[in-house]
Amino acid sequence: MTITHNPGPGTAAVHAGESRQRAFDAITTPIVQSATYTFRDSAELIAFQVGEVEREEYGRYGNPTVRAVEARLAALESPDAPAAALLCASGMNALTTVMLAMLPGGSHVILTDDGYRRTRQFVSTMLSRLGVTHSVVEAANPAAIAAAIEPGRTRLIITEAPTNPYLRVIDLAAVARIAREHRIKTVIDATFATPYNMRPLAYGIDLVVHSCSKYLAGHNDLLAGVIIGRPPIISALRETQGVLGGICDPHAAYLLGRGLKTLALRMERHNQNGQAVAEFLARHPRVVRVHYPGLPEHPDHAIARAQMRGFGGVVSFEVQGDLRSAMTVVDRLRLPYIAPSFGGVESLVEQPALMSYYELSSEERLAVGIRDNLIRLSCGIEDASDLIADLQQALAEE
Ligand SMILES: *Cc1c(COP(=O)(O)O)cnc(C)c1O
């Protein structure tokens with residue numbers, strides 16, 4: 001890295017990982033749209049094989065556009081200690097790459113509830129074929145994680161912070177301490193936080209995973225994922241990726257790198273909007289409950305305040321009534337689009353009961369903690385006053 005030591009997130013988002021010497025003197029890092037890379041002669045090939053020169057070889061093993069973005073993400077996540085990043089085809093691909101690489105047949109993994117549903121699904125439907133068993137414990141509860149450890153068998157603890165959709169925030173140092181005592185590796189899916197709001201590596205977590213499709217890219221125009229950790233563990237995961245093949249396309253990497261430049265600005269606005277909207281909803285008579293770590297009544301408010309710079313743009317809330325009452329509120333909103341995902345500049349809204357959990361019955365949903373009157377609003381970067389006015393009219397009595 002050529003910029004100052006320990007840059008702030010605004011500076012790192014723009015400059016980290018970029019060499020001062022620009023290709024073709026272009027201010028932007030070019031999209032290197034090449035599947036393979038040529039060698040001048042056999043001697044250069046041999047020099048590469050014996051490790052005398054570092055260079056590209058074939059697109060599945062690396063790409064200059066991808067590497068530049070990886071370096072920037074690593075610097076954002078860990079400005080003060082060596083780290084490396086591995087870009088992947090999607091957030092799910094990042095998670096499955098970690099799990100396939102780090103969970104040998106017959107091992108055990110601990111997951112938390114209130115998390116990304118596909119992560120649990122991968123473990124229960126695919127890894128189970130390798131004899132990998134799992135425990136699902138309460139989110140944001142380090143004691144529950146400690147109690148689920150099977151000494152000698154547990155290899156990985158995978159949790160999220162903040163979680164989806166209830167935005168629970170776990171005590172990162174406590175999890176890292178428990179894992180270290182048992183020589184277990186820890187993985188945090190910190191997609192809802194981004195390195196702007198929280199940096200789990202600084203608390204001793206081994207690997208951070210993000211879906212870059214959300215805040216990091218920020219414009220709902222690409223899918224990508226990233227794994228960030230100390231360089232040796234990322235090198236090993238890069239080997240796994242070379243076999244599995246879930247690489248990030250250079251064009252997606254370019255768009256991600258472009259989106260990242262405004263990460264700090266966007267996150268500041270997402271944080272402000274999330275907080276303002278959560279406070280508005282908490283006072284509204286037709287809202288039964290608001291789930292947002294920036295509110296004092298949130299169960300993890302204290303640890304979230306200690307660990308996070310801000311609490312993001314996603315606010316989950318429950319309206320008075322049932323599935324239909326919540327549908328009416330969602331349908332009356334004029335600014336947010338009804339869509340899955342979050343973290344882009346435009347506000348999005350969804351009812352988990354109609355989106356990720358549609359095929360379950362109300363009772364089955366309740367059993368996994370998803371209430372029918374729950375709405376998840378992802379505040380974009382619009383003006384808070386407009387978002388609040390829109391919610392005000394959508395929540396008004398008929
Ligand atoms: C979206 C998301 C994922 C999956 O990421 P994709 O890029 O859609 O594959 C994983 N974890 C969390 C917390 C997410 O929000």
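Hydrogens, waters and symmetry mates are skipped; everything else that's a heavy atom, side chains included, is used. As the structure lists them, so they are numbered: ligands from 1, and atoms in each ligand from 1. Everything numeric in this text was worked out from a predicted model, so none of it was measured.
- Ligand 1 has Asp189 within reach: a non-hydrogen atom of the residue lies less than 4.0 Å from it.
- Within a 6.0 Å radius of CZ in Phe39, more than 12 heavy atoms belonging to other residues, nucleotides or ligands are found.
- Here the side chains of Leu201 and Arg230 are in contact, with some heavy-atom distance below 4.5 Å.
- Checked against a 3.5 angstrom limit, the closest N/O atoms of Ser211 and ligand 1 fall inside it.
- By the 4.0 Å N-to-carboxylate-O rule, Arg269 lies close enough to Asp383 to be salt-bridged with it.
- Within the structure, ligand 1 lacks Ala94 among the residues with a heavy atom less than 4.0 angstrom away.
- Looking at Lys214 against ligand 1, only its side chain comes within 4.0 Å, counting heavy atoms.
- Where the criterion is an N or O separation shorter than 3.5 Å, residue side chain and backbone included, Met92 meets it with respect to ligand 1.
- Contact check for Ser34 versus Glu56: no side-chain heavy atoms found under the 4.5 Å cut-off.
- Those atoms of ligand 1 that come under 4.0 Å of a heavy atom in Gly91, given as number and element, are 5 (O), 6 (P), 7 (O), 9 (O).
- Distances below 4.0 Å separate heavy atoms of Ser213 from the following atoms of ligand 1: 6 (P), 7 (O).
- Only the backbone of Ala224 comes within 4.0 Å of ligand 1, judged by heavy-atom distances.
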With a 3.5 Å cut-off and sequence neighbours excluded, list the donor-acceptor pairs that the side chains of residues 136-143 form with protein atoms.
from: Glu138; atom 1: OE1; to: Asn141; atom 2: ND2; distance (Å): 2.9
from: Asn141; atom 1: OD1; to: Ala143; atom 2: N; distance (Å): 3.2
from: Asn141; atom 1: OD1; to: Ala144; atom 2: N; distance (Å): 3.1

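- In terms of polar-atom proximity, defined here as any N/O pair under 3.5 Å, Phe342 makes no such contact with ligand 1.
- Here the heavy atom of the protein found nearest to atom 8 (O) of ligand 1 is Leu223 CD2, 3.8 Å.
- At a cut-off of 3.5 Å, with distance as the only test, a side-chain donor of Arg22 or Thr29 sits close to an acceptor on the other residue.
- Listed by first then second residue, pairs satisfying side chain to side chain donor-acceptor pair (under 3.5 Å) with a partner in residues 170-188 read Thr186-Asp206, not counting sequence neighbours.
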